[in-house]
Novice: 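Before we start, here is the structure in question, set down as structure tokens.
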Amino acid sequence: MKKSFWKTPETLFSLTCLFLGGLGFLFLGSLVAEPKVLFGRSLTAITPTLFPSIVLTFMFLLCAVQLVLNFSAKTQGDGASGLAGWRRGAVFFGIMTVYALAMVPIGFIISSAITIAVLSLFIGNRNIVQIIAVALLGPVLLYLAATRLLAVSLPELNGIELAISRMF
């Protein structure tokens, strides 16, 4: 085991997310409020912990897979370790912060499409057709899955929400 494995930004970020995902899943009952009850019946069809538990489980599994892949790789990193790796992490954090702040004013689908396109360019993808396809299909499918299947409310512009409700 190389000592440099533990110092890479990817490994530290994966370990942090792995720890926080496990901790969040462990204390999920304390983090999510109980649903309102009316005459002894819950007002929602699903438990309020379903969506957070799905997200935390996927985060935990993805971080575990990332750590295993990093550990088993013959060469550590792609030249993005050290200061350049931390810079890339800071830019990624900045992009995700702008995404979180833009979600309510411009809606989930538009902010997600812009963020996916920017991140695709940031990581080096230059195939415009692929960027547009992923940036448009991904957020729409995720929005439909979250709002229709999981009954989760996501912020969206009235016009887009009306158009989607008329289609489905």
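Computation of the quantities below employed the complete heavy-atom set of this structure, encompassing side-chain atoms and omitting hydrogens, waters and symmetry-equivalent molecules. All values derive from a computational prediction rather than experimental measurement.
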Novice: Looking at Phe108, is its backbone amide N or carbonyl O close enough to the side chain of Glu156 to form a donor-acceptor pair, meaning the two atoms are under 3.5 Å apart?
Specialist: yes
Novice: How about Gln66 and Phe13: do any of their side-chain heavy atoms sit closer than 4.5 Å?
Specialist: no
Novice: Mind checking the CD1-OG1 spacing from Ile110 to Thr115? Nearest 0.5 Å is all I need.
Specialist: 11.5 Å
Novice: Around atom CZ of Arg166, are there more than 12 heavy atoms from other residues, nucleotides or ligands closer than 6.0 Å?
Specialist: no
Novice: Would you indicate whether the side-chain heavy atoms of Ile164 and Arg148 approach each other to under 4.5 Å?
Specialist: yes
Novice: Indicate if Leu121 and Leu136 have the same hydrophobic cluster label, given that clusters are the connected sets of ILVMFWY residues with side-chain heavy-atom separations under 4.5 angstrom.
Specialist: no
Novice: Do Ile123 and Ile95 land in one hydrophobic cluster if side-chain heavy atoms of ILVMFWY residues count as linked below 4.5 Å?
Specialist: yes
Novice: Return all side-chain donor-acceptor pairs below 3.5 angstrom for residues 14-25, not counting sequence neighbours, or 'none' if the list is empty.
Specialist:
residue	atom	partner	partner atom	Å
Ser14	OG	Glu10	O	2.9
Thr16	OG1	Leu12	O	2.8

Novice: With rounding to the nearest 0.5 angstrom, report the CG to CD1 distance, Asn125 to Ile131.
Specialist: 4.5 Å
Novice: Tell me, please, which residues at least two apart from Ser111 pass side chain to side chain donor-acceptor pair (under 3.5 Å).
Specialist: none
Novice: Please round to the nearest 0.5 Å and tell me the distance separating atom CD1 of Ile106 and atom CG of Leu101.
Specialist: 11.0 Å
Novice: So, the side chain of Ser53 versus the backbone of Leu50: is there a donor-acceptor pair under 3.5 Å, distance only?
Specialist: yes
Novice: Could you tell me the separation between the OG1 atom of Thr97 and the CZ atom of Phe92, rounded to the nearest 0.5 Å?
Specialist: 9.5 Å
Novice: Taking atom CG as the centre, does Asn127 end up with more than 12 heavy-atom neighbours from other residues, nucleotides or ligands that are less than 6.0 angstrom away?
Specialist: yes
Novice: If Ile, Leu, Val, Met, Phe, Trp and Tyr residues are connected whenever their side-chain heavy atoms lie under 4.5 Å apart, and connections chain through other members, are Leu137 and Leu144 in the same group?
Specialist: no
Novice: What residues join Val134 in its hydrophobic cluster, counting side-chain heavy atom gaps under 4.5 Å, either direct or through other members?
Specialist: Ile116
Novice: Do Arg88 and Phe122 meet the cation-pi criteria used here (NZ or CZ under 6.0 Å from the six-membered ring centre, within 45° of the axis)?
Specialist: yes
Novice: Under a single-linkage definition using a 4.5 Å side-chain heavy-atom cutoff for Ile, Leu, Val, Met, Phe, Trp and Tyr, are Val55 and Phe58 assigned to the same hydrophobic cluster?
Specialist: yes
Novice: Starting at OG1 of Thr57, measure out to CZ of Phe60 and round the result to the nearest 0.5 Å.
Specialist: 9.0 Å
Novice: A side-chain contact here means heavy atoms from C-beta on lying under 4.5 Å apart; do Tyr143 and Glu161 qualify?
Specialist: yes
Novice: Please report the closest heavy-atom contact between Ala113 and Pro139, naming both atoms and the distance.
Specialist: N-CG, 3.7 Å
Novice: Kindly work out whether a path of hydrophobic side-chain contacts (I/L/V/M/F/W/Y, heavy atoms less than 4.5 Å apart) joins Val98 to Met103.
Specialist: no
Novice: I'd like to check Ile114 versus Tyr99 (side-chain heavy atoms, cut-off strictly below 4.5 Å). Are they in contact?
Specialist: no
